[in-house]
Amino acid sequence: MSLELFGSNASPYSCKLRGILRYRHIPHQWRVCMPALAPEFADLKLKLMPMLRDPANGEYLQESTAIALQLEQQFSERSIMPPSASEQFLCHLIED
């Protein structure tokens with residue numbers, strides 16, 4: 001099963017997350033949509049882009065940085081984080 005990424009080509013955060021998934025070779029489906037208008041998201045409290053759904057548990061994740069960090073924990077191949085702690089700190093600082 002592959003992850004489902006819901007977003008928009010016009011959303012820089014959606015494109016950032018899509019780029020991370022592609023770079024890391026994480027299987028995913030790209031779903032262009034507006035979560036605020038899609039009936040499948042009616043029960044979700046927040047309807048922000050991008051959204052990542054894991055078909056294994058049906059859970060939706062939101063907020064691109066939080067999703068990227070979660071993917072770092074789940075998948076070890078082709079990390080996007082630099083190896084040293086000081087470089088990781090700078091990476092997080094720039095991200096904020």
Side-chain angles (χ1 to χ4, degrees):
M1 272 192 205
S2 65
L3 302 171
E4 291 179 284
L5 177 60
F6 298 90
S8 166
N9 290 323
S11 164
Y13 300 108
S14 297
C15 293
K16 169 182 126 177
L17 199 51
R18 187 178 183 200
I20 290 170
L21 290 166
R22 285 177 166 179
Y23 170 77
R24 299 196 62 206
H25 301 288
I26 298 172
H28 67 283
Q29 298 288 322
W30 172 239
R31 308 270 191 230
V32 176
C33 72
M34 292 295 295
L37 304 174
E40 64 189 285
F41 305 121
D43 294 338
L44 295 178
K45 187 174 183 178
L46 293 175
K47 296 168 182 69
L48 304 173
M49 289 191 292
M51 275 194 244
L52 186 71
R53 186 174 86 82
D54 185 351
N57 60 17
E59 178 183 337
Y60 287 91
L61 301 172
Q62 295 178 326
E63 209 285 301
S64 59
T65 300
I67 295 170
L69 294 174
Q70 173 114 5
L71 293 173
E72 274 297 312
Q73 293 175 355
Q74 284 182 290
F75 300 92
S76 59
E77 309 82 34
R78 296 181 63 115
S79 174
I80 59 170
M81 295 302 292
S84 77
S86 59
E87 291 173 323
Q88 287 179 19
F89 170 78
L90 289 174
C91 184
H92 290 296
L93 185 63
I94 292 168
E95 178 68 24
D96 277 347

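The figures here come from the full heavy-atom set of this structure, side chains too, leaving out hydrogens, waters and symmetry mates.
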[X]: partners by side-chain contact (heavy atoms from CB on, under 4.5 Å), with sequence neighbours left out:
X: Cys33; answer: Phe6, Pro35, Phe41
X: Gln73; answer: none
X: Glu77; answer: Phe75

Same apolar cluster (I L V M F W Y, side chains within < 4.5 Å links), Val32/Leu17: yes

Co-membership, hydrophobic cluster, residues Tyr13 and Leu48, 4.5 Å side-chain: no

From CA spacing to verdict: side-chain contact (heavy atoms from CB on, under 4.5 Å), Ile80, Leu71: CA-CA 10 Å; Ile80 59 170; Leu71 293 173; over 6 Å; no

Side chain Gln62, main chain Met51, donor-acceptor under 3.5 Å: no

Residues in side-chain hydrogen bond (donor to acceptor under 3.5 Å, both in side chains) contact with Glu87, at least two apart in sequence or another chain: Ser84

Heavy-atom neighbours of Asp43 CG exceed 12 at 6.0 Å: no

To the nearest 0.5 Å, tell me how far [X] [atom1] sits from [Y] [atom2].
X: Met81; Y: Leu69; atom1: CE; atom2: CG; result: 6.5 Å
X: Asn9; Y: Ser14; atom1: CG; atom2: OG; result: 8.5 Å
X: Ile67; Y: Leu52; atom1: CD1; atom2: CG; result: 5.0 Å
X: Ile94; Y: His92; atom1: CD1; atom2: NE2; result: 11.0 Å
X: Ile20; Y: Cys15; atom1: CD1; atom2: SG; result: 11.5 Å
X: Leu21; Y: His28; atom1: CG; atom2: NE2; result: 5.0 Å

Validation row: Ile26, Gln74 side chains within 4.5 angstrom (heavy atoms): no

What pair of heavy atoms forms the shortest contact from [X] to [Y], and how long is it?
X: Arg78; Y: Tyr23; value: NE-O, 2.5 Å
X: Gln29; Y: Ser2; value: CG-OG, 3.4 Å
X: Gln88; Y: Pro83; value: NE2-O, 3.7 Å

Summary of salt bridge (Lys or Arg N to Asp or Glu O under 4.0 Å) pairs that have at least one residue in residues 6-26, sequence neighbours excluded: Lys16-Glu95, Arg24-Glu72

With sequence neighbours excluded, residues passing salt bridge (Lys or Arg N to Asp or Glu O under 4.0 Å) with Arg31: Glu4

